[in-house]
Amino acid sequence: MKHYDAVVIGAGNGGLTAAATLQKNGCNTLLVERHNVPGGCGTSFVRGDFEFEVALHQLSGVGTEDRPFLMRKMFKDLDVLDKVELVQEEELYRLIVPGKQDITLPASWSGIQKVLKQNFPDDSDAITRFFDLGSKVAMEYYMALQQVRRSNDEKLLESQCKHFAAYGLRTTDEVLNEFFSNKELINTITPYWSYVGIPTNELVFAEFIGMLFAYCTFKPWHFKGGSQSVSSAIIDSFVEAGGCVKFSCGAKKIHTADNKVHAITLEDGQTVSCNYVVSNASPLITFNELLDLEKPPIQIQQDFKSRRKGVSAVCLYLGLDCKPEDIGITSAATFVIDGDNQDIDETELYKMTAPKWGMVTCYNFIDEDLAPKGKSVITLVALQYGEAWQALSPEDYAEAKYDYAQKLIDHVEKAYPNLSQYIEVAEVATPLTMMRYLNSPDGAIYGFKQHIQDSLLLRDQLSGIE
């Protein structure tokens, strides 16, 4: 039986970085992946003349060369930075509320405030106070809170994280309403709620403002050629370091003895012994299907009972026979909403009714090589939970898929009226597509529902299997 120090299950972003890190630090590692290419959501596919980015439209946590942050350091440590080209985006996003608003925010903490004050001069003082508070909450959340939490000292919390203590765990809506009454101003600030799939009436303020602060301070980035370029670069670094990778071969069973991992059986029938397993598969799949135990350890069972599966999405990939400016695209990322962000009703995401929120990403707006000359590649996204889609019969699924895609186009055409006439290629992905390709229950794209209790702040790491 062949032996590895570690086996990593799944070559998505987490699995790739885990495998490369282990191998480069002297751990003989096997990486197994069910798909025939690495990347998970960080990959692409081709239809006709167009190559479509699956999901990764903005990457944060990189920082600039003169102000690097965690992910730039990680890419450098994995010998990936020299293999890829990063493109910095100048804007965070454009927000369009048809007939009411059309505003673009720069990727700058001071720049956002300047634009907001120009558009909402009556709220200038409140904008200054809100963003001053926001930076303090974000810095305490990212830099001090974990250390304070480990100390379990309430006085230290009050002295080192007083802004987080006062505002961090309140809902985003509650904090926004304390500073602002102008709905259009609140709409402009809040589109990033969708990046965790939790509307602002539930999303805790620290998570929301932390995202906004990170994208402004460390900038949004794009990989030249799409995210497949970085997935391939990490695989190359892993193999160059001596790692072994098996594509088109998933994990079948993780074997334990005395609650300790000792081997893994692969889908090709091979069994290898190992000291460690890193699973980048869903925790539900890992503990309920892959582990050889009749039931997961009791603490795992109890933990799962307190969680809910997160949201999925419908993605409509479009190849257009026009340039971005021909249909009025002026930013790589645009949010199109009907009504107000604060009025987003999460129950609507469980239904297949016409979406009131949608995102438009135009990749060749920032990377012209991603589409043939004179053409465009864009993705339309609407968040959807997977339950209603799973209830469809196979006969009804195709009709429902294309019906929802048309609803999404109709919604986006309120902002870009001539979109339909330029469509050359179209491909639709639903929560069932996410289930099939990602092997994630209900097609969840963010894992478990991202409430604050799912963060390391409140949820300890689980033991039970060594």
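It should be emphasised that the depicted structure is a prediction, and the values quoted were computed from it without experimental measurement.
- Formation of a donor-acceptor pair under 3.5 Å by the D367 side chain with backbone atoms of G225 is found in this model.
- Residue F52 holds its CZ atom at 8.0 Å from CD of E427, rounded to the nearest 0.5 Å.
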Original post:
F213 and W109: ring pair (Phe, Tyr, Trp, His ring centres under 6.0 Å), yes or no, with the steps?
Top reply: CA-CA 7 Å; F213 182 79; W109 196 246; 5.2 Å; yes
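- Residue-environment remark: CE (M435) exceeds the threshold of 12 foreign heavy atoms within 6.0 Å.
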**OP:** Determine, stepwise, if the pair T379 / E53 fulfils side chain to side chain donor-acceptor pair (under 3.5 Å).
**Re:** CA-CA 8 Å; T379 304; E53 171 71 45; over 6 Å; no
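- Under a 3.5 Å cut-off, the side chain of Q301 and the backbone N or O of P296 do form a donor-acceptor pair.
- The shortest non-hydrogen separation linking T433 to A429 is OG1-CA, 3.4 Å.
- Looking at Q450, its side chain never comes within 3.5 Å of a backbone N or O of G197 through a donor-acceptor pair.
- Taking a 6.0 Å sphere around NZ of K183, one finds it holds more than 12 heavy atoms contributed by other residues, nucleotides or ligands.
- Between P38 and Q228 the shortest side-chain heavy-atom distance falls below 4.5 Å.
- A donor-acceptor pair under 3.5 Å is formed between the side chain of S231 and the backbone N or O of G42.
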Original post:
Taking it one step at a time, do F130 and V175 satisfy side-chain contact (heavy atoms from CB on, under 4.5 Å)?
Top reply: CA-CA 9 Å; F130 174 80; V175 178; 4.3 Å; yes
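- The nearest pair of heavy atoms linking C315 to M434 is SG-CE, 3.8 Å.
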**OP:** Start with the C-alpha gap between S108 and K114, add the side-chain angles, then the distance that decides, and say whether side chain to side chain donor-acceptor pair (under 3.5 Å) holds.
**Re:** CA-CA 10 Å; S108 161; K114 182 179 179 180; over 6 Å; no
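- Residues Y422 and S376 are not in side-chain contact: their nearest non-hydrogen atoms beyond the backbone lie 4.5 Å or more apart.
- For Y402, the OH atom counts as loosely surrounded, since its 6.0 Å shell holds 12 or fewer non-hydrogen atoms of other residues, nucleotides or ligands.
- In this pair, F335 and W357 present their aromatic rings tilted. The plane angle is within the 30 to 60° band.
- Between the side chain of Q101 and the main chain of L95, no donor-acceptor pair closer than 3.5 Å is present.
- Remark: S44 OG to Y363 OH distance equals 10.5 Å, nearest 0.5 Å.
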**OP:** Begin with the C-alpha distance, continue with both residues' side-chain angles, and end with the deciding distance and a verdict on side-chain contact (heavy atoms from CB on, under 4.5 Å) for K224 and S229.
**Re:** CA-CA 7 Å; K224 184 78 171 176; S229 65; over 6 Å; no
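- With hydrogens and angles disregarded, a donor-acceptor distance shorter than 3.5 Å links the side chain of E33 to the backbone of A11.
- Distance alone, capped at 3.5 Å, is enough to place a donor-acceptor pair between the N341 side chain and the N187 backbone.
- With rounding to the nearest 0.5 angstrom, the NZ atom of K83 is 11.5 Å from the OG atom of S232.
- Annotation for A426 and L318: closest pair CB-CD2, 3.7 Å, computed over non-hydrogen atoms.
- Rounded to the nearest 0.5 Å, atoms CG (L370) and CD (E51) are 7.5 Å apart.
- Side-chain atoms of L16 and V230, non-hydrogen and from C-beta on, never get closer than 4.5 Å to each other.
- Applying the side-chain hydrogen bond (donor to acceptor under 3.5 Å, both in side chains) test between E89 and each of H57, H222, K219, Q58 identifies Q58 as the sole match.
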**OP:** With salt bridge (charged side-chain N to carboxylate O under 4.0 Å, His left out) as the test, would you mind laying out the steps for D343 and K356 before giving the verdict?
**Re:** CA-CA 10 Å; D343 294 334; K356 297 180 180 178; over 6 Å; no
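- To the nearest 0.5 Å, atom CG of residue L203 and atom OH of residue Y192 are 14.0 Å apart.
- Between Y142 and F69, the ring centre distance reaches or exceeds 6.0 Å.
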**OP:** For Y195 and Y215, run ring pair (Phe, Tyr, Trp, His ring centres under 6.0 Å): C-alpha distance rounded to whole Å, both residues' side-chain angles, the deciding distance at 0.1 Å, then the answer.
**Re:** CA-CA 12 Å; Y195 280 21; Y215 273 103; 5.8 Å; yes
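- Inspection of the T128 and K117 side chains reveals an N or O donor paired with an N or O acceptor under 3.5 Å.
- Heavy-atom contacts from other residues, nucleotides or ligands closer than 6.0 Å to CD of E399 number 12 or fewer.
- Between K73 and D77 a salt bridge is recorded (basic side-chain N to carboxylate O distance below 4.0 Å).
- Ring centroid separation for the pair F45 and Y317 comes in under the 6.0 Å cut-off.
- Inter-residue side-chain proximity for V425 and D49 is flagged as unmet; no heavy-atom pair is nearer than 4.5 Å.
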**OP:** Go through the steps for L86 and L81 under the test side-chain contact (heavy atoms from CB on, under 4.5 Å), then give the verdict.
**Re:** CA-CA 9 Å; L86 284 160; L81 202 55; 4.1 Å; yes
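- N201 contributes atom CG, which lies 10.5 Å from atom CG of N177 (distance to the nearest 0.5 angstrom).
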Subject >> Verdict with supporting geometry, Q88 and T64, side chain to side chain donor-acceptor pair (under 3.5 Å) >> reply: CA-CA 9 Å; Q88 183 179 334; T64 57; over 6 Å; no
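- Aromatic ring centroids of F120 and F180 lie 6.0 Å or more apart.
- Heavy-atom contacts from other residues, nucleotides or ligands closer than 6.0 Å to NZ of K162 number 12 or fewer.
- At least one side-chain heavy atom of L419 sits under 4.5 Å from a side-chain heavy atom of L320.
- At distances below 3.5 Å, at least one donor-acceptor pair connects side-chain atoms of R72 with backbone N or O atoms of G63.
- When only modelled atom types and interatomic distance are considered, Y167 and E174 share no side-chain donor-acceptor pair under 3.5 Å.
- A donor and an acceptor atom, one from each side chain of Q384 and T430, are nowhere located under 3.5 Å apart.
- Under the 3.5 Å distance criterion, the side-chain polar atoms of E91 are left unmatched by any main-chain donor or acceptor of S331.
- Considering T172, T190, D173 as possible partners of Q342, the one that fulfils the side-chain contact (heavy atoms from CB on, under 4.5 Å) test is D173.
- By the neighbour-count criterion of 12 heavy atoms within 6.0 Å, atom CD of E65 is sparsely surrounded, having that number or fewer from other residues, nucleotides or ligands.
- The shortest heavy-atom contact between K449 and I198 is CG-CD1, 3.6 Å.
- Around the CZ atom of F304, the shell of radius 6.0 Å holds more than 12 heavy atoms that belong to other residues, nucleotides or ligands.
- Between the side chains of Y416 and T334, a donor-acceptor pair is found at a separation under 3.5 Å.
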**OP:** Could you walk me through whether M352 and L392 pass side-chain contact (heavy atoms from CB on, under 4.5 Å), step by step?
**Re:** CA-CA 11 Å; M352 289 182 283; L392 293 170; 3.9 Å; yes
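- Of the possible polar contacts, one joining the S135 side chain to the D132 backbone as a donor-acceptor pair under 3.5 Å is found.
- Neither side chain, Q299 nor D303, offers a donor N or O lying under 3.5 Å from an acceptor on the other.
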